[in-house]
Amino acid sequence: FYLSLMPLFSGLQTMTTTALWAMEDRKNPLIGLLLGSFLSLTLYYFLIPISGFHYFGIIIGFVAGDVIAFLWNIRPLHR
């Protein structure tokens with residue numbers, strides 16, 4: 001179930017990145033992707049080693065990375 005959220009947030013992140021690029025804003029999508037990647041790697045590092053939580057740690061890291069990138073991208077579009 002949780003992995004089904006991945007295409008949704010990935011698509012939203014891609015659409016907001018495209019909208020920001022159309023507005024000549026290249027900085028915010030890059031910052032969002034860097035923050036999302038950093039959060040994903042941090043979650044992987046701490047969640048995957050937990051016994052019995054391996055797959056959920058991977059899923060949470062994937063989804064959290066795209067959610068953070070999407071939320072960072074939606075911020076300048078909301079203004």
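Because the structure is a prediction, the values reported are computed rather than measured. Throughout, residue positions are numbered sequentially from 1 according to the sequence presented.
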Review item, side-chain donor-acceptor pairs of residues 25-39, under 3.5 Å, at least two apart:
unit_1: Asp25; atom_1: OD1; unit_2: Lys27; atom_2: N; d: 3.3
unit_1: Asp25; atom_1: OD1; unit_2: Asn28; atom_2: N; d: 3.4
unit_1: Asp25; atom_1: OD2; unit_2: Asn28; atom_2: ND2; d: 2.8
unit_1: Arg26; atom_1: NH1; unit_2: Trp21; atom_2: O; d: 3.4
unit_1: Asn28; atom_1: OD1; unit_2: Trp72; atom_2: NE1; d: 3.4
unit_1: Asn28; atom_1: OD1; unit_2: Arg75; atom_2: NH2; d: 3.4
unit_1: Ser37; atom_1: OG; unit_2: Leu33; atom_2: O; d: 2.8

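- When all heavy atoms of Leu71 and Ile74 are compared, the pair lying nearest together is O-CG2, 3.3 Å.
- In this structure, Ser10 and Thr14 approach most closely via the heavy-atom pair O-OG1, 2.8 Å.
- No path of Ile, Leu, Val, Met, Phe, Trp and Tyr side chains, each step under 4.5 Å between heavy atoms, connects Phe46 with Tyr44, placing them in separate hydrophobic clusters.
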Report, one line per pair, each donor and acceptor closer than 3.5 Å where one atom sits in a side chain of residues 48-60; sequence neighbours left out.
unit_1: His54; atom_1: ND1; unit_2: Ile48; atom_2: O; d: 2.6

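- Judged by distance alone, the side chain of Ser40 and the main-chain N or O of Gly61 form a donor-acceptor pair under 3.5 Å.
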